[in-house]
Amino acid sequence: MNLDDIVIQIKKDWDVDKYPEDWNFIIETDDKLKAKATEQFLKENRGLIFKNSNEVKKIYLACFPSTQVLKEISKDSLLITHHPFDWNGIGMGFKTYSDEDYKIMEENGISLMFMHVSWDAVRNEKDRVSTGYGTAKILNMSVRGEFQEYHGALVSVYGALPLKTIDELVKYIQEKLGNNSLNVFRFGSNESGLVGLVPGGGNDVDMLQEAHKLGIRTYITGCTNKCQHPYSVSKSKEFLKKAKEYKINIIGASHYLTEKWAMQQSVSYFKKFNFPVKFIENIEQMKILD
Ligand SMILES: [Fe+2]
Ligand SMILES: [Fe+2]
């Protein structure tokens, strides 16, 4: 099937053009990316980033477009990721493409599109699942509401989890998400109370304030305080200070393990194009866990 037709259909079904994106903080200093990326990505920061084939034979889904993921993809495929760039949660955060990445994509006719805000925008359908609902399902959360606006979309959920104390909850999240290195900040009581689930980068003071207003006592997010980028360092410091003041427990379960479930749970939507569809794990993210 023609690549452009698939991309148009996916963008329409997932409301990709509804939400603004801004990845200029990476694009503007990366001349190689400017030379290789599609005009549309450079202009709108959305949709198809690299076009290396006209036809598509297989679709792959992943959370981040890492070298390891690219190596697992067969020829003439479309890779669809949640983020347009790979992530180093204990380094400088988002990182751009290597020469090896470009070589793999170009030699194998691998095209790449991403859906960032559109995959975060709350959605809980059989075939299309947002990051917040994807993780909530894995944790068996009984969702009571949605909150937090990000680029025009509500992205987070809150509700009750089947465990009543923080001690039990920490063990439970470790097991359910497969994360043995949770970043736990016990700022509140040992009662878990109302739980907020903020996929990805919830280390943000405005987001926390909204959670506080809703009465959330335990705040599960991805990133907490490991990223070394100066922007993240100051954000995290302010965020944790406020959480301590509000006496809200913080559980950092990693960027990857609070978002990847939505890609996995949305495989069935992409099967409508009648190709094989495969979700690929970002193996190296399991070593980072922030
Ligand atoms: Fe996200
Ligand atoms: Fe993310």
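The structure displayed is predicted, hence computed values, not measured ones. Each ligand, and each atom within it, is numbered from 1 in the order the structure gives.
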Checklist entry - Salt-bridged, Asp76 to Lys58, with N to O below 4.0 Å? => result no
Checklist entry - What N, O or S atom of His83 is found closest to the Fe ion (ligand 2)? => result NE2
Next on the checklist: Ignoring hydrogens, what is the shortest heavy-atom contact between Leu197 and Gly132? Give both atom names and the distance.
Outcome noted: CD2-O, 3.8 Å
Checklist outcome for this item: the Fe ion (ligand 1) has as its nearest N, O or S atom from Glu259 the atom OE2
Checklist entry - N/O/S of His116 less than 2.8 Å from the Fe ion (ligand 2)? => result no
Checklist outcome for this item: min-distance N/O/S atom, His82 vs the Fe ion (ligand 1), resolves to NE2
Checklist entry - Between Glu210 and Lys213, is there a salt bridge with N-O shorter than 4.0 Å? => result no
Next on the checklist: If you count every heavy atom of other residues, nucleotides or ligands that lies below 6.0 Å from Lys103 atom NZ, does the total exceed 12?
Outcome noted: no
